[in-house]
Amino acid sequence: MDLFSPDPAWAKARIAELTERLNAANHAYYVMDAPSMSDYEFDTLLAELAELEREFPDYVSPHSPTQRVGGAPIRNFVTVLHARPMLSLGNTYTKADLAEFDARIRRLTEEPYTYVCELKYDGVSISLHYENGALVRAVTRGDGRQGDDVTANIRTIASIPLKLKGSDYPSSFEIRGEIIMPHKVFHALNAKRKEAGEPPFANPRNAASGSLKLLDPRQTAERRLDCFLYFLLADEYEADTHLHSLEKAAEWGFKTGSYYRECADIDAVMAFIDEWDKKRLDLPFDIDGVVLKVNQKRLWPVLGETVKSPRWAIAYKFKAQQVKTRLLDIGYQVGRTGAVTPVAHLEPVALAGTVVKRASLYNADNIEKMDFRKGDTVLVEKGGEIIPKIVGIDLSRREPDGEAYRFADACPECGTKLLRKEGEAGYYCPNDDHCPPQIKGRLEHFISRRAMDINTMGESKIEVLYEQGLLGTIADFYDLDYRTLYGVEGGEHAADGNRRVVTLRDRSVRNILAGIEASKQKPFEVVLYALGIRFVGEVTAKSLARHFGDIDALMAASKEDLLQVEDVGEIIAQSVLDYFAKPEHRALIARLKAAGLQFATAYTNERPEGVLTGTVWTVSGVFSRSRDEMKALIEANGGKVGSGLSRNTTFLLAGDNMGPEKRKKALALGIEMIDEAAFFEKIRQAD
């Protein structure tokens with residue numbers, strides 16, 4: 001035996017001991033909210049365990065805390081049928097409906113019953129399957145009949161036990177709950193995304209959903225998701241009440257929370273709702289209502305269920321929070337395309353856990369429609385989204401001599417006269433090459449993830465370099481060098497919203513230059529999109545790049561030539577012509593060419609023949625894979641991806657959280673909508 005290595009028998013026992021101690025510490029910290037050891041002690045023991053497991057891999061337990069994240073990214077999620085459908089709950093927004101719900105139950109049974117009231121967590125539904133006390137599979141709700149196997153991602157969530165406590169749990173069972181993202185994690189994530197030039201998530205629910213559908217579990221682990229479990233399904237174990245099943249689940253190690261309560265009657269239910277309608281803002285996560293369930297499980301079969309929802313449970317949804325405050329003024333923001341957005345400056349007011357000082361007013365038509373006057377008392381709402389909106393005016397408080405607002409006629413940043421093109425809702429500043437926010441907006445767009453993906457730069461560093469005169473056009477990125485950047489100092493926005501002084505040192509400079517150098521390998525269609533030509537999005541940029549082949553042919557194209565390209569109409573064609581008509585833009589292209597960017601493609605417009613040949617698709621919503629992957633699958637099977645819904649669209653591929661306006665337009669145009677499962681079934685027809 002090696003005198004410098006641990007004895008195998010001792011190592012096996014020590015690995016088992018450390019695994020048990022660290023899992024217990026994880027449970028105490030993440031489930032019970034009662035830490036049992038310091039972070040330092042936990043990290044030290046975890047490092048010891050990892051070292052022993054590396055030396056004795058045969059003794060590694062699948063339930064070890066080191067095994068929560070492991071393995072390579074997966075290619076896609078496997079669709080799994082639910083053993084029992086995951087029904088949705090009926091929703092109500094009024095207490096009168098709850099009283100009617102209670103009256104209906106009394107008509108259906110004469111037996112005594114109570115209710116269990118639970119918070120309605122605003123997250124992503126999940127189904128966890130355990131065999132002999134070990135987590136074996138985790139499946140999303142999907143369409144209720146089938147969902148995606150996201151086990152690898154779920155294993156990264158510390159509050160979900162990999163191995164259960166005790167021994168009286170069923171040998172095989174399912175437990176359902178909600179994956180959530182705490183507020184603290186959400187705000188930190190959005191700050192990081194903003195720094196990287198990526199769009200922020202609208203709310204914690206969307207962030208949790210997107211995190212679960214990442215193909216790399218290591219990325220999901222970084223999102224620090226949480227989970228509450230609230231519904232046990234087991235054939236060989238049947239608690240007499242729902243409350244009892246929640247208590248047993250907690251004993252086995254599940255995080256059921258401390259927010260549920262047994263209520264003797266509907267009056268007690270109403271009191272619970274009133275209590276949490278006031279206290280919900282103090283929670284570290286989002287809820288959007290209260291769920292009430294008949295506690296006595298023997299009554300569930302008697303009460304029955306509809307095709308979509310059980311009749312023994314219902315969800316009460318809280319109304320969107322509204323407050324009144326005073327309109328102080330209307331200001332204007334200028335975006336990278338020159339679009340001018342009016343913004344209401346409000347007397348600070350607390351709303352949904354934050355202090356609201358501003359609200360978007362969208363466009364000039366909305367200002368005219370709302371008929372705002374200086375000093376108006378306005379009604380502000382924040383219904384589940386990050387950006388507050390004004391939904392009304394308290395006319396009873398309006399000052400009789402209040403002056404009506406008129407939309408600005410000049411750019412608030414550069415003073416150029418604003419324009420409004422026929423058929424467009426908004427005004428824009430035409431001074432695109434010399435208006436500061438437009439310049440910075442184009443720089444930010446150029447480095448963004450979907451464009452050149454220079455993620456070592458970030459919005460705040462662009463602000464610093466712009467202020468120092470080192471960045472004025474996108475070509476200036478490729479003139480930056482170590483000597484120019486090292487020691488640059490300026491104000492940078494921190495994640496807490498404050499401004500601090502930052503000095504670029506060796507590591508930051510090298511990372512920035514490496515990101516810029518890597519961007520030179522981006523294909524022509526990405527570079528074309530990154531230029532930021534008005535109305536030229538990713539799909540249009542791809543069509544233009546593939547049709548003309550290189551930038552010279554595109555710059556030489558006439559309007560008639562451009563109109564021959566799929567997805568290009570009169571407005572886009574004119575925008576492309578206007579862009580390349582400017583000498584400064586042609587000079588910019590020449591500089592980018594000299595820097596080594598890709599301005600030609602070997603790709604042809606010939607599409608592979610496949611089961612989708614001859615069809616045009618629009619993709620909307622959230623899927624088990626990224627939208628880019630879904631679009632690539634369409635093209636790989638012979639289909640074409642359109643930039644939006646039109647009469648030429650054959651199918652709308654509808655994912656989760658698709659907006660109602662998109663659905664409404666598809667119905668109006670007679671476009672067939674299919675979900676993800678039907679899409680994959682259509683592709684499988686080719687096999």
Side-chain angles (χ1 to χ4, degrees), residues 88 142-144 199 202 206 209 308 337 339 362-363 365-366 369 385 420-426 450 525 529 533-547 559-560 562-576 605 607-686:
S88 58
D143 62 5
N206 287 4
S209 177
K308 293 185 177 181
T337 63
Y362 305 108
N363 53 47
D365 290 343
N366 187 53
K369 178 182 176 182
E385 299 298 325
R420 188 182 197 183
K421 291 187 176 180
E422 186 177 349
E424 294 186 24
R450 305 188 75 87
E525 61 196 45
Y529 167 66
I533 302 172
R534 188 172 170 84
F535 302 122
V536 176
E538 290 177 86
V539 172
T540 303
K542 183 183 292 186
S543 297
L544 289 168
R546 294 179 177 183
H547 183 90
K559 189 171 186 178
E560 290 70 25
L562 291 166
L563 290 173
Q564 298 302 310
V565 182
E566 292 180 316
D567 302 316
V568 174
E570 290 280 344
I571 294 176
I572 294 177
Q574 190 59 53
S575 179
V576 173
N605 270 323
R607 290 193 180 86
E609 289 293 321
V611 68
L612 304 182
T613 296
T615 60
V616 180
W617 295 71
T618 294
V619 182
S620 182
V622 178
F623 302 89
S624 61
R625 310 183 188 191
S626 71
R627 282 202 205 178
D628 286 343
E629 288 179 284
M630 301 301 284
K631 291 175 181 178
L633 281 170
I634 290 170
E635 293 182 340
N637 285 275
K640 176 183 177 300
V641 178
S643 57
L645 290 175
S646 71
R647 297 193 181 279
N648 295 324
T649 307
T650 314
F651 295 105
L652 170 59
L653 181 52
D656 295 339
N657 301 325
M658 186 180 75
E661 291 303 316
K662 187 84 72 173
R663 184 179 300 276
K664 188 186 300 182
K665 185 173 182 180
L667 290 171
L669 293 173
I671 297 168
E672 183 178 349
M673 290 178 280
I674 68 172
D675 61 16
E676 185 174 352
F679 170 72
F680 281 111
E681 183 60 35
K682 188 178 285 289
I683 289 178
R684 279 193 288 269
Q685 293 173 7

Shortest non-hydrogen separation from [X] to [Y] and the atoms involved:
X      : Y      : result
Gln564 : His547 : O-CE1, 4.2 Å
Trp617 : Leu612 : CZ2-CD2, 3.6 Å
Ala666 : Leu652 : CB-CD2, 3.7 Å
Lys631 : Val619 : CG-CG2, 4.0 Å
Glu538 : Tyr529 : N-CD1, 3.5 Å
Ile674 : Ala678 : CB-CB, 4.1 Å

Given Val576 and Phe535, is the side-chain contact (heavy atoms from CB on, under 4.5 Å) satisfied, shown in steps? CA-CA 9 Å; Val576 173; Phe535 302 122; over 6 Å; no
Is a donor on one side and an acceptor on the other found under 3.5 Å between the side chain of Asn637 and the backbone of Leu633? yes
Do other residues, nucleotides or ligands put more than 12 heavy atoms under 6.0 Å from the CD1 atom of Ile571? no
Heavy-atom count check: over 12 atoms from other residues, nucleotides or ligands less than 6.0 Å from Arg534 CZ? yes
Are any of the side-chain heavy atoms of Ser543 and Val568 separated by less than 4.5 Å? no
Begin from the C-alpha positions of Thr615 and Lys640 and carry the test side-chain contact (heavy atoms from CB on, under 4.5 Å) through to its verdict. CA-CA 6 Å; Thr615 60; Lys640 176 183 177 300; over 6 Å; no
How far apart are the C-alpha atoms of Leu562 and Leu544, what are their side-chain angles, what is the distance that settles it, and do they pass the side-chain contact (heavy atoms from CB on, under 4.5 Å) test? CA-CA 8 Å; Leu562 291 166; Leu544 289 168; 4.0 Å; yes
Quick one: list whatever passes side-chain contact (heavy atoms from CB on, under 4.5 Å) with Thr649, sequence neighbours left out. Thr618, Leu645, Ser646, Ile671
I'd like to check the side-chain contact (heavy atoms from CB on, under 4.5 Å) partners of Ala339; sequence neighbours left out, ordered by chain and number. Thr337
Only counting residues at least two apart or in another chain, list the ones meeting salt bridge (Lys or Arg N to Asp or Glu O under 4.0 Å) with [X].
X      : answer
Lys369 : none
Arg420 : Asp365
Glu570 : Lys559

Measuring from Ile634:CD1 to Lys682:NZ, what's the distance to the nearest 0.5 Å? 11.5 Å
Assess whether side-chain contact (heavy atoms from CB on, under 4.5 Å) is satisfied between Lys542 and Glu635, documenting all intermediate values. CA-CA 12 Å; Lys542 183 183 292 186; Glu635 293 182 340; 3.8 Å; yes
Restricting to pairs with a member in residues 664-680, which pass salt bridge (charged side-chain N to carboxylate O under 4.0 Å, His left out), not counting sequence neighbours? Glu661-Lys664
